[in-house]
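Below is one structure, written out as structure tokens, with a few remarks after it.
Chain letters run A, B, ... following the sequence lines, proteins first, then strands; residues in each count from 1.
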There are 2 protein chains.
Amino acid sequence: MGAMTSTKDRILYASAELFRRKGYTGTGLKEVTTQAQAPFGSLYHHFPGGKEQLGEDVIRVSGAFFLQLFVFIADEAPDVVTAVQDFFRGAGETLVATDYEDACPIAVIALEVASTNETLRVATADVFTSWLDEAATRFVAAGIPAARARELALSFLSALEGAFILCRALRSTEPMAAAGAAAASEVRAALTTVA
Amino acid sequence: MGAMTSTKDRILYASAELFRRKGYTGTGLKEVTTQAQAPFGSLYHHFPGGKEQLGEDVIRVSGAFFLQLFVFIADEAPDVVTAVQDFFRGAGETLVATDYEDACPIAVIALEVASTNETLRVATADVFTSWLDEAATRFVAAGIPAARARELALSFLSALEGAFILCRALRSTEPMAAAGAAAASEVRAALTTVA
DNA sequence: ACTCCACTAGATAGATCGCTCTAGCGGGAA
DNA sequence: TTCCCGCTAGAGCGATCTATCTAGTGGAGT
């Protein structure tokens with residue numbers, strides 16, 4: 001049967017894509033199993049906690065993957081300013097390549113469940129925190145004081161997430177470019193102040 | 001019967017609140033009429049286009065209301081930098097006052113429908129555009145070149161929207177404060193460059 | 001008084017929701 | 001072989017979804 005991913009992975013991957021595109025409440029489990037080419041019963045075998053467990057797993061797995069992507073880009077870049085620029089640029093390219101469907105893997109879920117499902121809300125908070133910590137650590141390594149680094153990480157991620165919303169609604173990467181430029185110059189300013 | 005709002009307005013108001021809190025797909029029409037204390041049949045009398053028309057009306061009405069709020073704050077503030085600061089501060093206060101339920105009136109819908117419902121996507125794009133135009137106009141009036149003003153408006157709104165996501169997920173206003181400070185200093189820098 | 005129509009009121013249809021259930025398949029251990 | 005069990009497979013349950021339907025109400029216009 002050639003290269004075969006496990007049924008569980010296919011369900012997870014299909015869920016991640018559908019949740020990202022149509023939202024958590026907007027995605028049906030029947031649809032998930034169809035897209036994953038998996039029997040419906042298998043879903044509840046691998047995810048006995050049902051839709052909520054599936055949602056939580058998607059949030060945490062996608063979050064970890066996105067974190068690794070950030071780490072990879074940051075490691076490749078010569079400095080943090082370039083890293084920030086590369087990240088925004090890459091986000092814009094992904095948006096265009098996927099016809100504005102693939103943006104932040106968890107933003108839609110985060111907004112949907114923030115006031116309705118505490119388990120999933122905590123999962124999104126954990127993921128956001130892991131991203132913020134990673135970014136702040138990078139800024140500190142570049143010589144920026146911890147408190148300022150935390151601030152930079154928060155405004156960097158806010159700008160990125162907000163730009164995703166605007167880009168998808170406007171079907172344009174202009175917001176991503178503007179937000180990226182602003183974030184980069186903010187980091188640059190923080191660096192020159194230190195040096 | 002005292003002060004009585006019309007049935008249509010009650011349905012619109014209840015929908016806006018529920019969509020904002022639980023999302024578009026996550027809100028049922030039965031729930032809307034219950035919360036609005038309106039008979040179910042009245043919903044389809046006032047909104048013959050069903051849920052989609054209700055969604056579009058909510059987006060456009062909420063969008064216009066939010067625009068007026070921005071205009072009001074900007075008119076009250078002594079300068080644009082203060083206006084930006086006031087807006088972020090006000091957003092943070094609203095989040096706390098509503099237990100992190102009331103943020104951007106259309107962000108959740110915008111993300112949910114961006115890839116699934118073109119009518120609603122266009123409505124959110126129109127609203128975002130109206131906000132961006134208003135902000136850019138204010139920046140131009142303060143002496144910033146048009147192209148730069150547009151960039152500032154984009155990064156300002158991106159920061160605000162993204163901060164809403166992070167604040168609701170983390171249940172903290174820290175992202176709003178960081179994003180607000182960054183946006184304010186960016187506008188300040190744009191002003192000093194001109195002057 | 002009579003008509004008319006905007007509006008209220010809610011039962012109900014048909015589809016889909018998340019979830020549970022039983023049955024059967026297939027490969028490794030005894 | 002025989003047993004076992006992780007996994008596949010999908011029918012079906014009760015609830016809920018959006019939307020439609022008919023019936024009734026109340027007040028303005030003539």
Side-chain angles (χ1 to χ4, degrees), chain A residues 1-59 108-109 112-113 116-121 123, chain B residues 1-59 108-109 112-113 116-121 123:
Chain A
M1 240 224 214
M4 180 69 174
T5 53
S6 73
T7 302
K8 181 171 183 176
D9 283 349
R10 287 204 315 280
I11 292 176
L12 211 49
Y13 185 82
S15 303
E17 184 179 323
L18 289 169
F19 288 167
R20 200 168 42 200
R21 251 189 55 205
K22 322 179 49 181
Y24 177 74
T25 52
T27 301
L29 296 185
K30 280 273 197 322
E31 195 179 1
V32 167
T33 52
T34 301
Q35 170 124 345
Q37 297 196 11
F40 188 79
S42 296
L43 193 152
Y44 277 85
H45 173 77
H46 294 293
F47 304 91
K51 193 179 190 182
E52 188 176 69
Q53 184 192 336
L54 185 57
E56 182 169 3
D57 283 8
V58 164
I59 290 168
V108 201
I109 313 183
E112 280 183 287
V113 305
T116 57
N117 186 316
E118 187 64 7
T119 302
L120 296 186
R121 195 222 101 217
Chain B
M1 242 229 210
M4 179 72 171
T5 54
S6 73
T7 302
K8 182 172 183 177
D9 283 348
R10 287 204 316 279
I11 292 176
L12 212 49
Y13 185 82
S15 301
E17 182 179 325
L18 288 169
F19 287 168
R20 200 168 43 201
R21 252 188 56 202
K22 322 179 49 181
Y24 177 75
T25 52
T27 300
L29 296 185
K30 278 275 197 318
E31 196 179 359
V32 167
T33 52
T34 301
Q35 171 125 346
Q37 297 196 13
F40 188 78
S42 298
L43 193 151
Y44 277 86
H45 173 76
H46 294 292
F47 304 91
K51 193 180 188 181
E52 189 177 66
Q53 184 191 337
L54 185 58
E56 182 168 4
D57 284 7
V58 163
I59 290 167
V108 200
I109 312 183
E112 279 183 288
V113 304
T116 57
N117 186 317
E118 188 63 7
T119 302
L120 296 187
R121 194 223 102 218

Counting side-chain heavy atoms from CB outward, which of C:dT20, D:dG6, C:dG18 is closest to A:F40?
C:dT20
Tell me which nucleotide among D:dA19, C:dT20, D:dT8 gets nearest to the side chain of A:Y44.
C:dT20
Distance in angstrom units between B:I11 CD1 and C:dA6 C1', rounded:
14 Å
So what does B:G41 hit on the nucleic acid, given a heavy-atom distance under 4.0 Å: a base, only sugar-phosphate, or nothing?
base
Looking only at heavy atoms, the pair that brings B:K8 and B:F47 closest together is CG-CZ, 3.8 Å
Hey, is the side chain of A:K8 pairing donor to acceptor with the base of D:dG6 inside 3.5 Å?
no
Taking the side chain of A:K30 as its heavy atoms from C-beta onward, which of D:dT8, D:dT18, C:dC17 lies nearest to it?
C:dC17
Which nucleotide sits closest to the side chain of B:S42: C:dT8, D:dG6, D:dA11?
C:dT8
Starting the side chain at C-beta, find the nucleotide from C:dA9, D:dT8, C:dC19 nearest to B:P39.
C:dA9
Indicate the atoms forming the closest heavy-atom contact of B:V58 with B:A16, along with that distance.
CG1-CA, 3.7 Å
Looking at every heavy atom in both A:T27 and A:G23, which two are closest together, and how far apart are they?
OG1-O, 2.7 Å
Please check this pair: side chain of B:R121 against backbone of B:T116, looking for a donor-acceptor N/O pair closer than 3.5 Å.
no
Just call it for A:G50: base, sugar-phosphate, or nothing, with non-hydrogen atoms closer than 4.0 Å on any strand.
sugar-phosphate
To the nearest angstrom, how far is B:L43 atom CG from C:dG10 atom C1'?
13 Å
Can you measure B:L18 atom CG to D:dC17 atom C1' for me and round it to whole angstrom units?
15 Å
What heavy-atom pair brings A:L43 and A:I11 nearest, and what distance separates the two atoms?
CA-CD1, 3.8 Å
Would you mind reading off the distance between A:H45 atom NE2 and C:dG24 atom P, rounded to a whole angstrom?
19 Å
What is the distance, rounded to the nearest whole Å, between atom CG of A:L54 and atom C1' of C:dC19?
13 Å
C:dA6 P sits how many Å from B:H46 NE2, rounded?
11 Å
Start at the 5' end of DNA chain C and walk down; is the nucleotide closest to A:G26 or to A:P48 reached first?
A:G26
Figure out the CD/P separation between B:E31 and D:dA15, and round it to whole Å.
18 Å
Classify the nucleic acid contact of A:T27 as base, sugar-phosphate or nothing, counting any heavy atom under 4.0 Å across all strands shown.
sugar-phosphate
Atom pair distance, as rounded to whole Å: CG in A:D9 and C1' in D:dT8
16 Å
